[in-house]
Every structure is written in C-alpha cells, then in structure tokens.
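The figures that follow rest on heavy atoms only: side chains count, while hydrogens, waters and symmetry mates do not.
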Amino acid sequence: MKHLLSATTGLALLISADTALANRVFVTNERSNDVTVIDGETFEVIGTYPVGNRPRGITISPDGSELYVCVSDDNLVRVFDPNTMEELHTLPSGPDPELFVLHPSGNPLFIANEDDNIVTVVDTETHQMLAEVPVGVEPEGMGVSPDGAVVINTSETTNMAHFIDTETYEITANVLVDSRPRFAQYTADGSKLYVTSEIGGTVSVIDPATQQITKKISFEIPGVLPEAIQPVGARVTSDGSKLFVALGPANRVAVVDAETDEVIDYLLVGQRVWQLAFSPDEKWLYTTNGNSNDVSIIDVEANEVVRSVQVGQQPWGVVVAPD
C-alpha cells in the first residue's frame, strides 16, 4: 500500500508537492476512506487521497515530516509523507485504533484501542510496540500534558479519565466523569484538564495536580433539545483564554471563557460537528462536520464562522501542519 494515489488525484499530487506544508489542513473521511487536504491560506482543496479503511484519528509529527492516521478497520496506524501523501510505513496499533496522541517530543505514540480496552504505546522511530496499558471499557479520548509526563485516556463505558504515567506506563489516578467521555484536552500551562462527556452533555474541568473535578460546564441552546447537545472534540487557545467545544448533532461549537469556564457563545457550523484543530497561529479553527461532509472555518478572535469547505464522506478527524 505504498502508493495509494488514484488516477483522478494525480494532478492534485503535483500541486500539493509544490505547495508549502505549513498551514496545510488534513481531514480524515471515515466513510470514503480517504484524507482531504486543504490549503490553509486559500481554503481551497488541494487533493483527496485514499489512506485505508475507516480513517479516524489523525496527527502530525512536531517537525511536520510524518502524518499519522488511525485506520480503524485495517487495525493499523498508517504513516504518510504529508508533502506527497505517499505511505512511508505502518505502526502496530492493536485492534480498532480510533484516537491517539503523540508525546510532545514526537515519540512515543499513545493509541486508544476501543475493542480491547487498552492503550497501546508505540515507538515512532523503531516502529516497535513498547507497552499495552489496560484501561476502562471502550477507550477513546486521548490527551497529553504539556510536559509529556502524563497521558489521559477516557473510557466511554466506564466513564472515567485515566491518568497514565508516561515513564512507567502505569495508571496513577482514575477520575469518574459524566456519561461517555470522548476527549481530553490540557491547557498549555498544564493547570487545567478538560474532559468532554458526550451523553452526559458536560465538560468536566479537572485540576491535574489533585485529580479533582473543580467544575462542570453545561450547555443550553434555544431551540435545540438537550439530548442533541453532545460534547465531543475540544480545543483551548494557548493563552488559556478560550475553550472551543464541538457539540455533535447540535451542529454548534460552544465558545467558553477558559478563565471563568462560562459559556459565552454558540457558533452554528455543519451537521454533526466532531473534531477541531487550530491553525499554527490560532487565527483559524477547523471543524469536521460528519453529516454535511464539510469543514467549517472559524475566526478565533471574532468568534465567527467564515467559510465552509466540502470534503469527503463523513469527515471525522483534522490536523494542521506546523509552521
């Protein structure tokens, strides 16, 4: 599977090879089994590339040299050259990889395996599995502390956030949150951890030092049924001023004052908004909208949706190349 490019995207490959990698946006399309690449300067689609069966989680190395894709139905992580979208190699992932997170150094990779209730740890340089960490039932969400000392995994059925020591691969704490936790996101200074709960309809604010919940953020949208408000993906600005939360079938992104943890706005995006990613300068926030097959682009400072870009079928994950 070294050359995944279809004939219809040959021209796009030539274009993408000549386009600067910085700010390039990569979107996994769960149903069409491909990745759409968007130019982060023009917001135009550069190309769409087959990557394997049911791609979901996606991330990129800190130096921008390797693009990692969780190919869930292939039970692999496929690694691509982000400039050409040629497959470089694969990594062992355990069954049904869904989400993962890279250590801030770029190595290792921590992968949630939903079917086996484990987190698989893989060395990105040797391509060897380092450890398997047993966690709760249906692990999905993954987060990492800014210093790389702790990885968080959320288990959907156990309703817990598991704190994993990245040196020993041992669980050091378990925090009970609301129903079906989906995502974990630290602030850049490491002082807060946000955990979204899809069915519970909340975001738990956790003090990483004490592993205690200090607050729960809830959401109310006029005209939207409470059961449709399902927090999933989340991102917080590096200055700690704003938290953005994707609210699934509510078709909104909540804007939260991250200093007070109070909701200040709701932004209407595409249908079934799922994951989020900032541009490197945090001017733009990209959202994947699974049921409308598009990406919404949000002006972070203005709290305004400025554009929609059509991608593949059922977009799921998104990552932006570093500067």
In terms of hydrophobic clustering (I, L, V, M, F, W, Y; side-chain heavy atoms under 4.5 Å; direct or indirect links), are Val318 and Val45 co-clustered?
yes

Can you list every pair that meets ring-ring contact (aromatic ring centres under 6.0 Å, His included) and has a residue in residues 95-127, with sequence neighbours left out?
His89-His127

Distance-only polar pair, side chains of Ser296 and Asn289, donor-acceptor under 3.5 Å:
yes

Does the side chain of Thr28 pick up a donor-acceptor pair with the side chain of Arg56 at under 3.5 Å?
no

Is it the case that Asn29 and Thr36 place a side-chain donor and acceptor less than 3.5 Å from each other?
yes

Got a sec: does the CZ of Arg31 have more than 12 other heavy atoms crowding it under 6.0 Å?
no

Got a sec, which residues hit side chain to side chain contact (heavy atoms under 4.5 Å, CB included) with Glu227, two or more places apart in sequence or on another chain?
Leu225

So, does Ser145 use its side chain to make a donor-acceptor pair with the main chain of Val150 at under 3.5 Å?
yes

Out of curiosity, does Leu130 fall in the hydrophobic cluster containing Ile171 (side-chain heavy atoms, cut-off under 4.5 Å, transitive links)?
yes

Is Leu243 reachable from Leu267 through a run of I, L, V, M, F, W or Y residues, each pair having side-chain heavy atoms under 4.5 Å apart?
no

Distance-only donor-acceptor check, side chains His162 and Ser155, under 3.5 Å
yes

Using every non-hydrogen atom in the two residues, find where Pro62 and Gly106 come nearest and quote the distance to one decimal.
CD-CA, 3.7 Å

Hydrogens and angles aside, do Asp294 and Ser308 bring a side-chain donor and acceptor to less than 3.5 Å of each other?
yes

Going by distance alone, is a donor N or O of one side chain under 3.5 Å from an acceptor N or O of the other, for Asn23 and Ser279?
no

Shortest non-hydrogen pair, Ala161 vs Val195, comes out as CB-CG2, 4.2 Å

Is there a salt bridge (Lys or Arg N to Asp or Glu O under 4.0 Å) between Glu301 and Lys242? Walk through the geometry before answering.
CA-CA 9 Å; Glu301 183 177 359; Lys242 291 181 182 179; over 6 Å; no

Got a second to check how far Glu98's CD is from Glu156's CD, nearest 0.5 Å?
6.0 Å

Check the surroundings of atom NZ in Lys283: do more than 12 heavy atoms from other residues, nucleotides or ligands lie under 6.0 Å from it?
no

Looking only at atom types and distance, does a side-chain atom of Thr120 sit under 3.5 Å from a main-chain N or O of Glu132, one as donor and one as acceptor?
no

Closest approach of Pro55 to Gly52 (non-hydrogen atoms, all atoms of both residues)
CD-O, 3.7 Å

Within one Ile-Leu-Val-Met-Phe-Trp-Tyr cluster: Trp274 and Leu276, side-chain cutoff 4.5 Å
no

Spell out, yes or no, whether Tyr68 and Leu99 are grouped together once hydrophobic residues are joined by side-chain heavy atoms under 4.5 Å, including indirect joins.
no

Would you please say whether a donor-acceptor pair under 3.5 Å links the side chains of Thr124 and Asn107?
yes

